[in-house]
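Let me begin by presenting the structure, written as structure tokens, before commenting on it.
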Amino acid sequence: MPSSHDWINKPLGVVEAMFAQSNSNPEWEAKVLEYFKGQLKEKESHSWVPSLNDVPLHYLKPNSLVKFRCLVQDMFDPEFYMGVYETVDPSTKANVLRCGKYKDVTECGVDLNSRNTVTAERQTFYCVPIPGESPWAKESYGCSSQARVVPSTSYVPSRQKRSYEEDDDMDTQPQKQREPHTEPHGNGDSKRQETEAPSSQTTAPSDCSSHLDLNFPLPGERGPACLVKVYEGLDSFKLNDTLEIYGILSVNPVLTVLGEEKDPSLLLLNPTESMETPEEQRAHDPPASLVPRLHMLYARPLQHNNPLLPSAPTEDQSAFVSSFLVEMASVRAELLAYLTHVLLGDGLAAEYLLLHLISNVYTRRDVLPLGKFTLNLSGCPLNSYTERLYQIVQQLVPCSYRLSMSLHTMNSMRLVPKKDYVANRLVSGALQLARNTSLFLDETQLEQGQLDSSGVRNITALGNLISWQKVDYDFSYHQMEFPCNINVLVTSEGRSLLPSDCQVPLQPQVTPPNMEEYLTTIHMAQFTSQINKFRVYLSLARTLDYSISDEVTKAVEDDFVDMRKDDPQSVTAEDLHRMLVVARLLSLSLGQTTLSRDGWMRAKHIDMLRRSRTEQQKSLNGNEP
Amino acid sequence: QVIDCFLCYRTASVTCAPSLGPKVLPSEVDMSSPLMYGTPSSRVEGTPRSGVGGTPARQRPDLGSIRKAPQVDLHSEPPSADGAVASEQALGQKLVIWGTDVNVGTCKEKFQRFLQRFIDPASNEDENAGLDLNEPLYMQKLEEISVVGEPVLNVNCSHVQSFDADLYRQLISYPQEVIPTFDMAVNELFFERFPDSILEHQIQVRPYNALKTRNMRSLNPEDIDQMITISGMVIRTSQLIPEMQEAFFQCQVCAFFTRVEVDRGRIAEPAVCRNCNTIHSLALIHNRSAFSDKQMIKVQESPDDMPAGQTPHTTIVYAHNDLVDKVQPGDRINITGIYRAVPMRENPRQSNVKSVYKTHIDVIHFRKTDEKRLHGLDEDSDQKLFTEERVQILKELASKPDVYDRLSSALAPSIYEHEDIKKGILLQLFGGTRKDFSQTGRGNFRAEVNILLCGDPGTSKSQLLQYVFNLVPRGQYTSGKGSSAVGLTAYVMKDPETKQLVLQTGALVLSDNGICCIDEFDKMSDSTRSVLHEVMEQQTLSIAKAGIICQLNARTSVLAAANPVESQWNPKKTTIENIQLPHTLLSRFDLIFLMLDPQDEAYDRRLAHHLVALYYQSEEQIEEEFLDMAVLKDYIAYARTYINPRLNEEASQALIEAYVDMRKIGSGRGMVSAYPRQLESLIRLAEAHAKVRFSDKVETIDVEEAKRLHREALKQSATDPRTGFVDISILTTGMSATARKRKEEVARALKKMIQSKGKTPAMKYQQLFDDLRGQSEAAITKDMFEEALRALADEDYLTVTGKTVRLL
């Protein structure tokens with residue numbers, strides 16, 4: 001990397017230089033932000049910045065500029081810090097004004113009584129990598145990065161740079177060994193137990209407790225969590241936002257030591273230290289080697305998490321969109337064919353699955369979320385078919401999670417995030433997901449049995465998620481509603497016990513003798529370029545605008561009245577709701593941004609087909625659900 | 001030298017601060033400190049002043065804490081100037097406490113004047129109950145102190161502000177200096193007036209309601225060391241922390257003792273005994289050291305004033321002395337206190353420190369905002385404050401002739417039509433006027449309107465409930481399926497740490513003064529439903545659990561939704577038969593609406609238009625069309641707090657007429673068509689409608705609308721499907737009058753038949769049934785036959801034993 005990239009390697013130098021020039025004119029802060037924003041605007045410059053997601057922490061230089069693609073998992077209380085302070089040089093007795101912004105620790109010899117101290121406010125966000133990010137997305141992000149990182153000297157030279165994927169398993173190992181050195185006191189032991197726990201628990205389907213330490217929403221997640229210090233625009237961030245954060249990495253070991261040094265006598269006399277419980281200390285000041293600090297300089301909200309699409313809504317993107325729109329119909333046909341194969345030759349189910357995959361809550365009318373399209377795929381063959389189906393969905397979307405709804409998971413797993421007042425943090429749950437994550441609920445795993453109270457709560461939470469697209473976080477004294485935007489797909493044998501917008505009974509046309517083999521062959525038959533096209537297609541269709549002309553509105557109204565005339569029981573307001581969503585998704589899937597008459601008729605048609613199929617199913621089973 | 005002095009002052013204020021820094025030190029600077037001025041009595045062993053007598057002062061750790069250095073402006077206030085203060089008060093204004101513009105003398109004088117003169121004729125605080133509002137308020141309170149002997153004077157800051165704005169500003173900006181001055185002033189005044197009274201310790205002034213009652217979120221570095229009032233909810237309290245104020249050291253060699261004060265949380269252990277000069281011979285004697293109580297309390301932002309999509313903030317609060325254990329987790333409180341920021345301790349072993357401050361609030365005054373739930377008293381103390389402009393907007397809206405229709409159409413715009421139901425819910429949101437009849441033995445008269453929605457599944461009942469739940473500040477949403485009686489009412493929990501029993505309140509209590517939305521009302525178990533009986537009429541909830549017996553107020557409106565038993569509404573059956581709810585419960589609903597599919601073409605067309613529009617209109621268009629939800633919220637809140645309409649003469653006449661009319665309809669057909677409960681409903685609805693108009697009087701138009709709405713609801717829910725007439729007895733007794741009449745007829749026919757058979761003391765059951773069936777023209781079911789038998793048994797005409805019927 002050219003040496004001119006000081007703003008990446010030594011961003012604090014840039015900040016300090018600007019501070020020195022400013023003569024305590026507060027405008028310098030804005031200038032700093034301007035500068036970094038300007039640097040990042042330059043073509044490709046953001047790809048030079050190493051990413052915490054791909055590069056193991058120990059390869060990154062402390063106090064350098066890094067980026068982090070993450071989800072805001074928790075927001076801690078605001079803190080006051082010394083924005084500007086004065087130090088006294090012990091030898092010369094000279095006072096020097098220093099800047100405390102973007103730093104965790106001060107220089108030595110702070111004059112606490114100086115009148116020049118400026119107290120400023122910042123907030124800490126606890127950020128985790130985007131939950132359920134598909135391996136292909138991770139890989140593709142990693143490849144696009146041009147940042148070269150040199151292992152820091154403290155590491156054995158034999159360790160070569162590896163991709164993040166490979167490193168995963170080894171990654172926790174060295175840290176575990178190092179810990180006893182950095183933390184001589186009791187605190188380390190308990191932490192060690194936690195990191196070691198998974199080895200004994202790997203057989204259990206839900207080992208969410210094992211990574212409790214880092215508070216990831218989904219069990220089995222890996223990757224760094226990060227404490228992000230936010231200085232500007234605090235109100236613009238919301239919980240569960242997905243962001244790409246550019247900031248200064250701080251891994252000062254002092255941070256850990258400060259937390260560890262707990263002289264019991266000091267504790268007794270010093271009330272300010274004792275007000276934090278050990279749990280709180282651990283949650284808010286974890287060792288920097290495990291949870292690095294990141295001082296935010298710039299944050300970009302992620303509209304989508306697809307590395308194959310241009311990220312920012314710039315001219316690039318609109319050009320990209322218009323070029324892709326031409327292909328849209330053909331890609332759709334290919335994808336539909338692919339999905340039809342996957343769904344054992346059932347074209348109608350494939351059509352619905354496709355619509356489901358591009359659905360998106362685009363607005364809310366008071367309490368009603370519009371655009372959600374929860375699909376219930378019933379009649380799924382047993383024996384790992386659903387698992388394979390999930391793997392295929394995972395290959396197509398950037399974020400996904402499969403929740404196997406077995407009795408045990410439903411009773412034991414925490415779906416809804418809960419505030420832990422002792423540690424003063426929001427303990428995450430599996431429903432704390434980024435927008436447009438595909439949640440695959442596998443009801444075929446559910447057997448008969450007793451749901452306990454937490455199981456009932458979990459089922460209720462899933463029901464609320466599907467009907468209102470919201471999750472009520474548990475704040476123990478009250479609940480707080482957080483709107484979400486999650487695509488829920490339920491696979492079940494019969495009709496699902498959860499509500500859904502639309503139920504499609506699967507009618508397999510082929511019965512392959514070996515399901516595994518069949519699906520693997522289909523999957524292998526697709527080229528990567530083809531799959532990439534599908535991925536772009538699904539993400540893009542979701543972002544298109546949509547409108548209905550007055551003329552078509554009229555036609556739809558007439559149609560509805562006619563349908564009701566024949567048999568008022570057959571079509572209800574709910575059916576109209578669904579058909580309007582189907583029509584919307586159908587149009588968008590073809591790249592059309594307005595509803596045409598044809599589009600409406602097609603929507604009506606496939607809905608009719610689907611309904612006749614459910615009727616048939618009902619009469620087949622002979623009993624009403 | 002100057003810094004020395006500052007430290008003295010600081011040390012002193014930590015340890016013994018009824019006044020500022022009276023610790024006598026041989027330092028010249030300290031002697032000349034303005035803080036020496038007017039100390040009423042310095043410490044427990046201090047010199048008593050004239051009027052204050054021997055009453056010991058009490059430490060105020062709530063005020064005394066380390067003052068942050070940068071606030072002391074050393075240069076503009078040369079120490080030489082301070083020297084004059086002690087001797088010469090005449091210099092007045094110029095001589096102030098460091099870093100402030102507070103002149104002790106003036107400040108004290110002003111406060112005494114305030115105490116002696118302040119009158120608040122418009123006071124409506126419950127704390128002032130029983131005081132003469134035309135006399136100086138605080139002098140009466142002092143008198144109260146002399147009688148009761150509780151040496152705490154709570155001072156409402158808004159009173160101070162209205163009396164002397166400058167004094168108020170000083171109080172807010174320099175509470176640490178001003179409050180001790182207030183203490184001094186009040187004690188002088190008190191002992192002057194009541195020289196003989198004996199108090200446990202000197203009176204402490206506790207200001208509250210610093211006008212800027214703030215949201216926790218808006219606290220910023222500028223508020224440090226200022227007095228603030230914030231509201232929030234207690235989430236955790238620590239155990240009691242004994243905080244050492246003064247350490248007691250004794251020499252192991254010569255038993256000489258010495259006291260050392262705690263300075264910034266540290267004790268400087270004396271290395272050498274001053275008496276015998278032995279090195280390291282002094283040992284700390286714990287039980288002769290002085291401690292004060294302290295408790296850490298964590299307070300969380302109340303959910304009402306948080307921006308959506310963010311997590312609530314928490315703040316650490318320290319309570320001292322008698323404020324310890326005053327609050328429990330779950331309490332909603334207003335805290336008045338001093339906001340502090342303490343730099344992270346500098347560690348000698350480390351060269352650099354974390355650049356973060358720890359912040360907390362030292363409490364001066366707690367005020368529970370939900371305290372009144374346990375007492376019968378009213379009104380919401382957490383009233384929302386409205387700005388002038390907002391009130392103007394609301395009043396403008398209220399003056400529009402069609403405000404009622406506007407508001408009802410603004411309610412849940414995404415739900416189509418059902419105008420009357422929306423109007424009903426709107427009136428429910430406003431509620432009637434609360435009246436107290438406890439003197440006449442009736443207790444509270446329910447002001448809340450209860451509404452039940454029944455109808456086919458999929459008619460957006462749940463959506464309507466969700467909307468209402470989101471609209472009102474104290475709304476609760478539960479589903480009949482998921483909630484147990486315990487979840488609705490309250491349960492007792494044992495705190496694992498303290499082993500203390502804590503009452504946890506359920507949905508009904510939580511929605512006190514709000515609306516409790518219950519979905520799937522029909523799926524609720526009987527035992528759960530039974531608790532609703534008390535809540536829906538008496539508006540209280542009695543609890544007897546784990547040794548805790550109490551009656552909580554649950555003045556909640558219930559908005560319930562029920563599905564028909566046979567998945568589809570059967571128009572041939574009555575409401576009761578359709579939803580299978582006990583009539584005792586149904587009669588407690590003021591309005592019962594059916595949400596049915598009207599199945600008519602014009603309706604379909606409008607519905608389709610509405611739905612399609614939902615899917616293509618942009619956000620802006622919607623806002624143009626409908627009232628903002630926030631405006632609606634404010635409108636309701638304003639009307640609920642400030643408007644209390646009363647019936648005027650014409651309206652009462654109209655109500656009486658309406659009631660008599662309702663009774664008449666029935667009496668013509670030999671049945672009761674209205675009960676006093678219906679009259680009460682009418683009154684409530686009329687009052688609510690007057691509230692919608694922001695009118696203080698209930699007028700005839702209100703009664704008209706109440707009548708219309710009530711009639712509409714009845715027409716829907718209480719129509720006897722057999723006759724087509726509205727029959728209130730369906731709802732009140734669970735049986736229509738025609739059904740009852742038929743029952744009587746059958747009984748009479750049966751009796752006649754038995755009589756005609758002559759004197760047969762016993763008959764076969766089956767045979768009697770067959771005979772009756774043969775005789776009667778109408779079909780008689782077994783149920784009807786049994787009912788008739790039972791009726792005759794009640795008359796003591798016969799008894800049924802097994803399969804035989806005996807005459808008596």
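A note on names: the letters A, B, ... follow the listed sequences, proteins ahead of strands, and every chain is numbered from 1.
Classification of A:D474 and A:K419 as a salt-bridged pair fails, no side-chain N sitting under 4.0 Å from a carboxylate O. The pair A:D575-A:R578 meets the salt-bridge criterion, with a side-chain N (NZ, NE, NH1 or NH2) lying under 4.0 Å from an Asp/Glu carboxylate O. Ion pair A:E86/A:R98 not flagged as a salt bridge, since none of the NZ, NE, NH1 or NH2 atoms sits closer than 4.0 Å to an Asp/Glu carboxylate oxygen. Comment: A:E79 engages A:K229 in a salt bridge, judged by a side-chain N to carboxylate O separation of less than 4.0 angstrom.
Side-chain contact of A:S250 with A:D104: a donor-acceptor pair under 3.5 Å is present, judged by distance alone.
With a 4.5 angstrom heavy-atom cutoff, B:V234 touches chain A only via backbone atoms. Contacts between A:F560 and chain B at a heavy-atom distance below 4.5 Å involve the side chain alone, from C-beta outward. In this structure, the portion of A:K554 lying under 4.5 Å from any heavy atom of chain B is its side chain and not its backbone. For chain B, the nearby part of A:L234 is the backbone; its heavy atoms alone come within less than 4.5 Å. Interface residue A:K470: only side-chain heavy atoms are found under 4.5 Å from chain B. Looking at A:D559, neither its backbone nor its side chain comes within 4.5 Å of chain B, counting heavy atoms on both sides. Contacts between A:F475 and chain B at a heavy-atom distance below 4.5 Å involve the side chain alone, from C-beta outward.
Annotation: maximal heavy-atom pairing with chain B below 4.5 Å, among A:V72, A:V561, A:L239, A:V556, occurs at A:V561. Contact count against chain B (heavy-atom pairs under 4.5 Å) is highest for A:W468 among A:W468, A:F482, A:Y85.
The cationic atom of B:K294 (NZ for Lys, CZ for Arg) lies less than 6.0 Å from the six-membered ring centre of B:Y318 and within 45° of the ring axis. The side-chain tip of A:R122 points at the ring of A:Y81 from less than 6.0 angstrom away and within 45° of straight on.
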